[in-house]
Protein chains: 2
Amino acid sequence: MAARQDRRSWRDVLEEIRNRVLTGRYGPGDKLPRDEDIAAELGCARSTVQRAMRDLADRGVVERRRKGGTRVRPDPVTRAVFDIPVARNEVESRGGSYGYQLIRAAIEETPPPVAAALDMRAPLPMLHVEALHLMNSRPFLYEDRWVLTRTVPEIETVDLGVVSANEWLLANKPYSRCDLRFSAETAGDRVAAIMGLEGGEALFVIERTTWSGDDPITTVKAVYAPGYHLRAEI
Amino acid sequence: MAARQDRRSWRDVLEEIRNRVLTGRYGPGDKLPRDEDIAAELGCARSTVQRAMRDLADRGVVERRRKGGTRVRPDPVTRAVFDIPVARNEVESRGGSYGYQLIRAAIEETPPPVAAALDMRAPLPMLHVEALHLMNSRPFLYEDRWVLTRTVPEIETVDLGVVSANEWLLANKPYSRCDLRFSAETAGDRVAAIMGLEGGEALFVIERTTWSGDDPITTVKAVYAPGYHLRAEI
DNA sequence: CATTATAATATGTAGCTACATAATATTGTC
DNA sequence: GACAATATTATGTAGCTACATATTATAATG
């Protein structure tokens, strides 16, 4: 096959190995031949096999270890990649007009759950920000955020009535680590009041915590308006 | 830096470029120099830059096009990779004992929303399966699934009281395309009854639709027990 | 002027070599 | 036999060359 071009591409190798996994020729937990042998069998260079294998490892199909070899992942998972856009972009890409509204910004002591999320031992003064992102003047996303001022002192000089803490931090304080949690939550009285809901609705929630090296930056709870859903395709 | 080994690794290149993006030296939408020039500047081979750039593109930091060059993604996103495990593995990896219970399995005509999810034009006979996955004998995940028997006729011969449709399909009918949707939903009467809830709780929902080539295989709504959350780390 | 053919170009891929690195296996020592 | 030192090995990385491919840019043509 591949008449004009006789070379075997890494995608061909990937497909071949993937098929062998899917048809059970290489079952869960099984050890695969070494790259070199697969290369010889399929008639390509080791680097081509390497390329394919790296992709399969990225996709969660196989696991590779130096000297240990390659084996099929024993527990099959569906690996999905999600892009979580900035609220402004998400609203605008849906053709809506974006609006932003600061609800509150104040210095407070770290509450215990926030300290836990950020791996902090002792409470410290933090900037607590609540804000609402709007689509077509209607609540789209409520954000409840804590920022560690010791890590990001400049944020105290920012007018959060104009720029959202989210956008400011993204542009000014890159993170090196990020924890993400997706969940569902019932709209409580406070959130319902802020978002103009009746209360009791199921809301999609993304919690995100970021660090710069070992220094905690911020933790946010982003609560989306009812009906929101996040998509991915594989 | 890198005393013993003077070579610059692709990770170094990646970090360097990433920093330039984060510090604004390469701003959103900006075009980067060609790989070859970056290689010359940083003192490494083009292949090393390529490796780093591919990774940055995978992470959603830059966009690359042949001849068009490399540019910084204009809209910053948080790209997260989630592994969605099979219920059994998820329960067992948390140290729980897994249980499975078939609620119902019957042939029905495709309802319109299911047809829409699967890109089907006309309704066809489908296998409608409802099942409950248990952790320590308590409801963990309720699955409401439709399987197109025309694509997977063998499933009619499977005893779904013993093997879950999910596990059987994963092992026997590989998919080539998969759509995923995350959302939050309020527990209705039926789901509440099945899961032993009071009703009105906010539940985390994953909807998954798969195809083999152009042939629809199945679409599932997976409803998790209250308190469930999905994690990722970047 | 629009439309099509052609050239130019940046990234993508395949193959090669050589060496690095992380494990695992083996051997040596007590 | 237990444990440490050493060898072995499969994957990982860096660099090189040559060519493929997809676009964009330019020139040719009606």
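Labels below follow one simple rule: chain letters A, B, ... track the order of the sequence lines, proteins then strands, and each chain is numbered from 1.
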ask   = If you measure only the distance, is there a donor-acceptor pair under 3.5 Å linking the side chains of A/E90 and A/Y228?
value =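 Distance-only check passes for A/E90 and A/Y228.
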
key: Polar side chain donor-acceptor pair, A/Y98 to A/R88, under 3.5 angstrom   =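 Note: A/Y98 and A/R88 side chains miss the donor-acceptor criterion.
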
Ignoring backbone atoms, test whether [X] places a side-chain nitrogen or oxygen under 4.0 Å from the OP1 or OP2 oxygen of [N].
X	N	result
A/R46	C/dA14	no
A/T70	D/dA10	no
B/T48	D/dG15	yes

task = Kindly state which residues belonging to residues 60-68 of chain B come within less than 4.0 angstrom of DNA chain D, counting heavy atoms of the residue only, listed by number.
result =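 Heavy-atom cutoff 4.0 Å gives B/R65, B/R66, B/K67.
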
Rounded to whole angstroms, how far apart are [atom1] on [X] and [atom2] on [N]?
X	N	atom1	atom2	answer
B/E36	D/dC19	CD	P	16 Å
A/D35	C/dA14	CG	P	15 Å
A/R54	C/dT13	CZ	C1'	12 Å
A/Q50	C/dT17	CD	P	16 Å
B/M53	C/dT13	CE	P	15 Å
B/D37	C/dT11	CG	C1'	13 Å
A/W10	C/dG12	CH2	C1'	10 Å

query = Out of A/D144, A/L160, A/I155, which one pairs with A/V129 under the side chain to side chain contact (heavy atoms under 4.5 Å, CB included) rule?
reply =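 Result for side chain to side chain contact (heavy atoms under 4.5 Å, CB included) with A/V129: A/L160.
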
query = Hey, would you say the B/Y100 and B/H133 ring centroids sit under 6.0 Å apart?
reply =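 Distance test on ring centres: under 6.0 Å, yes.
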
ask   = Given C/dT11, D/dG15, C/dA14, which nucleotide is nearest the side-chain atoms of B/S47?
value =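 Closest nucleotide to the B/S47 side chain: D/dG15.
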
request  = Would you indicate which nucleotide in D/dG15, C/dT11, C/dC16 comes nearest to any side-chain atom of B/R34?
outcome  =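 For the B/R34 side chain, the nearest candidate turns out to be C/dT11.
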
task = Output yes when a side-chain donor or acceptor of B/D30 lies under 3.5 Å from a complementary backbone atom of B/G27, and no otherwise.
result =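 Flag set: sc B/D30 to bb B/G27 pair under 3.5 Å.
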
ask   = What is the nucleic acid contact for B/R51, judged by heavy atoms within less than 4.0 Å: base, sugar-phosphate only, or nothing?
value =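 Counting heavy atoms under 4.0 Å across all strands, the contact made by B/R51 is with sugar-phosphate only.
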
request  = Pick base, sugar-phosphate or nothing for B/R71, based on heavy-atom distances below 4.0 Å to the nucleic acid.
outcome  =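 Here B/R71 touches no strand at all.
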
request  = Report the distance from atom CG of A/L118 to atom CD1 of A/I217, rounding to the nearest 0.5 Å.
outcome  =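 If we round to the nearest 0.5 Å, A/L118:CG and A/I217:CD1 are 9.5 Å apart.
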
key: By side chain to side chain contact (heavy atoms under 4.5 Å, CB included) - contacts of A/R177 (at least two apart)   =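 Side chain to side chain contact (heavy atoms under 4.5 Å, CB included) list for A/R177, sorted by chain: A/D119, A/D179, A/W211, B/E233.
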
